[in-house]
Engineer: 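Have a look at the structure that comes next, please.
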Amino acid sequence: MALRNPPLRDVHTARGAKFTEFGGWDMPVEFDSIRQEHEAVRESAGIFDVSHMGEISVFGPDATTLMQRLTTNDVTELDPGESQYACITDEEGIILDDTVVYRLPDDVDGDADTPSYLFIPNAGHDDQMYDRWERHRAEWGLDATVRDDTEEWAMFAVQGSDAPGLVSDVAGGDVLDLSRFEAAYATVAGVRCWVARTGYTGEDGFELLCPWDDAETVWSAIDCQPCGLGARDTLRMEMGFLLSGQDFDPEANPRNPYEAGVGFTVKLDTEFVGRDALERIDREGVEARFRGFELLERGIPRHGYAVTDADGTEIGEITSGTMSPTLGEPIALGYLPVEHADPGTKVRIVVRGDGKRARVVTPPFVET
Amino acid sequence: MTFEVPDEFRYTESHEWVAETDDGYRVGITDFAQDELGDIVFVELPDEGEELAAGDEFGVVESIKAVSDIYAPVSGTVAAVNEALFDAPELVNDDPYGEGWMLELTDVDADELDGLLDADAYEAQTE
């Protein structure tokens with residue numbers, strides 16, 4: 001199947017980006033160097049093209065009910081211009097995807113006085129999530145419209161301590177009034193964008209949704225280090241943030257929100273697919289926990305490496321690992337049975353057949 | 001983008017270089033290879049005295065984003081390894097043909113060098 005291209009494919013190529021396939025998209029992985037891009041975000045600011053992220057619009061009289069029944073969090077807590085992180089689970093409580101749900105101003109995109117939402121599935125999940133929403137909408141006989149707008153919106157993340165200033169310079173000062181997880185329509189470099197104070201780096205900053213055809217105007221108006229998916233990955237790993245399809249995956253690595261460390265997204269007093277299973281898991285306790293690892297010897301832990309106890313018995317697996325550019329130390333994330341998951345527990349990570357000493361920790365690895 | 005390919009060196013299709021020195025032959029990875037890998041953060045090298053056959057995997061170089069095996073371009077005995085890379089693996093990025101060298105081999109059969117790529121042939125491969 002042909003890869004999908006972000007709207008600025010040619011702009012990034014001209015800037016010297018290297019590309020990688022991710023979630024069916026051909027995306028910039030590195031513009032200059034992962035280390036340089038990572039440091040820019042931690043010390044000043046960087047801009048990421050994350051147009052591979054999905055956008056699904058849901059509006060109409062029953063939009064709130066549909067969103068509530070298909071996400072773990074409580075969408076009724078959202079006023080227009082607010083957002084929340086949530087999981088999308090199956091009947092067994094297994095995470096299918098994680099997402100940010102935005103409540104849009106009610107008079108935009110939908111009928112007047114009816115609720116309107118936008119949620120952001122991960123790269124390559126937009127088709128599947130559109131189908132899931134549309135199937136359940138029909139099955140439950142709800143009066144709502146579901147639309148896959150993934151290729152209507154370009155998405156940029158501007159992240160770092162200088163990001164608010166950079167965005168407000170071109171969007172007007174009102175965006176600085178947005179608190180974390182708040183969002184509003186604002187005009188950025190003359191283009192009407194959905195501007196949200198959200199991100200995936202642990203730093204302050206914004207995510208901007210702008211019309212696909214106006215992407216270059218917005219991208220070029222924000223003058224800071226362009227960053228690829230490589231730095232996005234190292235930044236999120238330092239924070240211990242989950243990567244869909246890797247730190248959880250319904251096929252390869254089925255996990256529920258409690259063991260994945262995102263139980264705070266589960267509101268058992270709401271009705272949603274997976275609720276009953278999750279209530280049981282909450283009552284009985286989880287079997288495994290998502291943890292961080294610090295390596296005490298030379299080596300770099302990577303996705304798929306085995307974790308053993310001190311005696312060499314396999315007890316878990318690394319789901320993400322890298323050399324932390326901020327710390328200059330190897331870091332990793334993965335799951336351990338609860339009896340081995342206490343912070344400080346000594347374990348071994350098997351790097352090319354060699355069990356390297358490591359210690360269990362609780363992320364984040366870096367304070368921001 | 002153009003990469004440095006010294007004329008007097010020999011190359012492998014897997015992006016190692018070999019160059020004759022006063023004491024033997026030095027081995028490393030090419031400018032093209034270090035650029036493809038990106039920021040190099042870890043290098044694993046064999047022990048001194050180890051005997052390698054041409055094509056043997058002798059170590060590993062890891063960047064932030066990738067793990068890559070490195071192969072002996074020719075047969076020989078490991079006379080020295082560049083221990084500076086253990087603390088400063090970024091030397092492979094900064095100076096792949098100089099301070100970023102990896103191995104020094106002795107007991108090399110010079111005939112094996114003839115089977116390797118010359119600079120023109122290697123450059124053609126990377127275009």
Engineer: Taking non-hydrogen atoms and a cut-off under 4.5 angstrom, which of residues 231-245 of chain A neighbour chain B?
Structural biologist: Thr234(A)
Engineer: Which residues in residues 358-368 of chain A have any heavy atom lying under 4.5 Å from a heavy atom of chain B?
Structural biologist: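 So no residue qualifies.
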Engineer: Nearest 0.5 Å, what's the CZ-OG distance between Arg35(A) and Ser63(B)?
Structural biologist: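 Nearest 0.5 Å value for the CZ-OG distance: 10.5 Å.
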Engineer: Asp39(B) side chain to Ser33(A) main-chain N or O, any donor-acceptor pair under 3.5 Å?
Structural biologist: no
Engineer: Can you pull out the residues in residues 294-320 of chain A with any heavy atom less than 4.5 Å from chain B?
Structural biologist: Arg298(A), Gly299(A), Ile300(A), Arg302(A), Tyr305(A)
Engineer: Identify which part of Glu36(B) has an atom lying under 4.5 Å from any heavy atom of chain A, answering side chain, backbone, both or neither.
Structural biologist: both
Engineer: Identify which part of Pro325(A) has an atom lying under 4.5 Å from any heavy atom of chain B, answering side chain, backbone, both or neither.
Structural biologist: side chain
Engineer: Can you confirm whether Glu216(A) is buried at CD, in the sense that more than 12 heavy atoms of other residues, nucleotides or ligands lie under 6.0 Å from that atom?
Structural biologist: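 No, not enclosed.
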Engineer: More than 12 heavy atoms of other residues, nucleotides or ligands under 6.0 Å from CG of Asp223(A): yes or no?
Structural biologist: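 No, because the 6.0 Å sphere around CG of Asp223(A) holds 12 heavy atoms or fewer from other groups.
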Engineer: For residues Met323(A) and Glu62(B), determine if any side-chain heavy atom of one lies less than 4.5 Å from a side-chain heavy atom of the other.
Structural biologist: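 No. Closest side-chain heavy atoms not under 4.5 Å.
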Engineer: So which bits of residues 38-50 of chain A come within less than 4.5 Å of chain B, counting non-hydrogen atoms only?
Structural biologist: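 The residues closer than 4.5 Å to chain B amount to none at all.
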Engineer: Could you give the distance from CG (Asp35(B)) to NZ (Lys18(A)), rounded to the nearest 0.5 Å?
Structural biologist: 3.5 Å
Engineer: If you take all heavy atoms of Arg352(A) and Val67(B), which pair is closest and at what distance?
Structural biologist: NH1-CG1, 3.8 Å
Engineer: So does Glu13(B) have more than 12 non-hydrogen atoms from other groups sitting under 6.0 Å from CD?
Structural biologist: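 Check fails, neighbour count at 12 or below.
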